Asks: 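Encoded as structure tokens, here's the structure I'll be asking about.
Remember, predicted model here, so these are calculated numbers, not experimental data. Below, chains carry the letters A, B, ... as their sequence lines are ordered, and counting in each starts from 1.
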Amino acid sequence: MENKFFRLKRIKAQLKLLAPIPFLLFSLVLMVLSTSDQEIVKEIRRYSSRFFAPIVSVLSRPMEWGEAIANDLKGLVMLRSENKRLSDENKQLLSWKLLALKLADDQKEMAKLVNYIPLPNSKSLTARVLAENNSPFQKSVIIGAGRNQGVSKGDAAFGEKGLFGRVVETDDDISRVIQITSYLSRLPVMVGEERILCIATGDNSPFLKLTSIPEGAVIQKGDVVRTSGHAGVYPSGLGIGVVDHVGEEITLIPFENQGTPEFLRIVNYGLIGILQNEEKGK
Amino acid sequence: MTSSVSTHRIFYLISPFSLCVFLVLLTGVPIRSFSFCLLCIPFVYTVIYYFAIFRPIVLNVGLVFLIGLFSDILTGSPIGFNSFLMTLLFFMTNLNRRILGNASFLGQWIGFGLNVGVIFFISFILIALISRHGIVVSQTFFDYFFVIMSYPIMAYVCGFLNKRIGEFV
């Protein structure tokens, strides 16, 4: 009798050890379902973002204060050298300003000569970054502006220094912006003064890789990379970054490469390009 | 039992789960100073590992699965991805519970390194299978290194909670 009791107890303990197996199998089933039916996953994420983005935003406040204090201290320590750097930069910018004014005048005159019709004005707004989604599958952020504020799918998102990403999902008051460095990101770009056309692809690292480079094209370190305007998602000429390494692979460092900005400027250029086809395909 | 003791009891009993949820929520906090995501490192693995050894009843497999699902929804991974990895970590640790529970602190640390190493390796394969692309190896090593290095601090926090839970259970 006692033996039977101990045997039952042992079986029970062994079954307890195997309890995670159904959960593991269920996870695998969920994984297969979620990769095959993206729409349900998107819906779940949209609803959860609505709920959790404000919570994450509150959690990020102490972090922001800490970073602000650290930046202030750093600023105090580097005050002298920073002052010198800024005055040098100011001198340089003043000479650039004169050149820019001259070029603007020339451009106006030439536009008149060839009867150039300018692009329609873009609409923009600034939104706060509420949360960040960083997984091996994508790099995106949630911003505190949505359809009600005039954000639409395909809008370009800019940080302080350059292009940060593109709006991929919109809800009433929040939107998701996919970063240009994310795995899913593919940007038609032109490189340097030669305007070499290629594709900038993200791999979740802070850098972008240049692919589909035409044979014989010469790309050098320091070449500026801008959007080419192909596929009709971004207008031509938006600054993306600078070529950082030329070797077996050509990588570029984006202008917007220092973490996630606090605010993003969302710009609607009235272009939707291939995204329109995507919508129709759905 | 007074209501204050009862509240304390509930607080400490749900504390491992709450700590995991908090750590998962932290992964969504935007970091402005670094080009890498410091808070995306899965510190939650340490909590799961620790409680799978010392209190698998308080942080049981069902709760671990839920934490994984929550992480999937929040981070933008396919649903089931993190829940699979976290449940697997719980399963592997729980299988070796007796050995790890009786091991020295250093032994537990090494055990953690091995278990989490397996999880990182499986996640590497799963990502390649699901998204048909590899992941940046340096980032994976960076995450792995930081998770292992943070073990003493995280284990201290978990140890404190475990001690308080012991007073109520």
Side-chain angles (χ1 to χ4, degrees), chain A residues 16-24 26-35 38 40-41 44-45 47-49 52-53 55-57 59-60 62-64 66-67 70-71 129-142 176 181 183-184 203-207 257-262, chain B residues 22 24-40 52 56 60-62 64-66 68-92 94-95 97 123-124 126-131 133-136 138-140 143:
Chain A
K16 225 176 182 178
L17 275 180
L18 300 177
I21 291 175
F23 286 98
L24 286 171
F26 187 50
S27 302
L28 284 175
V29 171
L30 280 177
M31 228 186 297
V32 173
L33 286 176
S34 74
T35 43
Q38 291 282 335
I40 294 176
V41 180
I44 295 171
R45 245 172 229 139
Y47 281 109
S48 64
S49 298
F52 291 115
I55 298 174
V56 174
S57 178
L59 277 176
S60 68
M63 195 72 73
E64 279 168 21
E67 278 177 330
N71 284 338
V129 174
L130 299 179
E132 196 172 357
N133 289 156
N134 241 313
S135 82
F137 299 92
Q138 60 163 273
K139 270 170 98 177
S140 60
V141 295
I142 308 282
R176 183 185 295 272
T181 50
Y183 262 124
L184 303 170
D203 62 359
N204 265 25
S205 73
F207 304 97
N257 68 337
Q258 275 300 307
T260 311
E262 197 173 349
Chain B
F22 176 71
V24 171
L25 274 174
L26 270 190
T27 60
V29 171
I31 299 283
R32 319 210 192 278
S33 302
F34 304 100
S35 54
F36 57 88
C37 183
L38 190 69
L39 295 175
C40 296
N60 58 41
V61 65
V64 171
F65 176 77
L66 281 180
L69 276 186
F70 178 56
S71 173
D72 288 328
I73 292 168
L74 208 75
T75 58
S77 306
I79 308 284
F81 175 75
N82 278 309
S83 51
F84 178 79
L85 294 176
M86 288 180 193
T87 312
L88 187 65
L89 176 65
F90 180 90
F91 182 46
M92 285 183 344
N94 205 25
L95 276 180
R97 201 179 151 215
S123 79
F124 197 86
L126 279 178
I127 291 163
L129 282 174
I130 296 169
S131 57
H133 62 63
I135 52 175
V136 185
S138 56
Q139 179 69 43
T140 312
D143 286 359

Asks: Please look at I21(A) and chain B and tell me whether the side chain, the backbone, both or neither of the residue comes under 4.5 angstrom of a heavy atom of that chain.
Replies: side chain
Asks: Checking F70(B) now: which residues fulfil ring pair (Phe, Tyr, Trp, His ring centres under 6.0 Å) with it, not counting sequence neighbours?
Replies: F52(A)
Asks: What part of L85(B) gets closer than 4.5 Å to chain A, counting heavy atoms only: side chain, backbone, both or neither?
Replies: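 For L85(B), there is no contact with chain A at all, as no heavy atom is under 4.5 Å.
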Asks: Do L69(B) and L30(A) have side-chain heavy atoms sitting under 4.5 Å apart?
Replies: yes
Asks: Let me know if D72(B) has heavy atoms under 4.5 Å from chain A in its side chain, its backbone, both or neither.
Replies: backbone
Asks: Identify, with sequence neighbours excluded, every residue that meets side chain to side chain donor-acceptor pair (under 3.5 Å) alongside T87(B).
Replies: none
Asks: Could you look at F91(B) and say if it's the side chain, the backbone, both or neither that has a heavy atom under 4.5 Å from chain A?
Replies: both
Asks: For a 4.5 angstrom cut-off between non-hydrogen side-chain atoms, does S27(A) reach F65(B)?
Replies: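 Yes, at least one pair of side-chain atoms sits under 4.5 Å.
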Asks: Measure the spacing between CG of L18(A) and CG of N94(B) and express it to the nearest 0.5 Å.
Replies: 10.0 Å
Asks: Looking at V64(B), N60(B), L25(B), which makes the most heavy-atom pairs under 4.5 Å with chain A?
Replies: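 Greatest number of close heavy-atom pairs with chain A: L25(B).
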Asks: Taking all atoms of both residues into account, what is the closest heavy-atom pair of L88(B) and L24(A), and its distance?
Replies: N-CD2, 3.5 Å
Asks: So which heavy atom on P78(B) is nearest to which on M31(A), and how close?
Replies: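 Scanning both residues, the minimum pair turns out to be CB-CG, 4.5 Å.
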Asks: Does any backbone or side-chain atom of F90(B) lie under 4.5 Å from a heavy atom of chain A? Answer side chain, backbone, both or neither.
Replies: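 When you check distances to chain A, only side chain atoms of F90(B) fall under 4.5 Å.
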Asks: Can you tell me how far apart OG (S34(A)) and CD1 (I73(B)) are? Round to the nearest 0.5 Å.
Replies: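 These two atoms lie 10.5 Å from each other.
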Asks: Quick check on the interface: out of G68(B), S83(B), S71(B), P56(B), who has the most heavy-atom pairs with chain A under 4.5 Å?
Replies: S83(B)
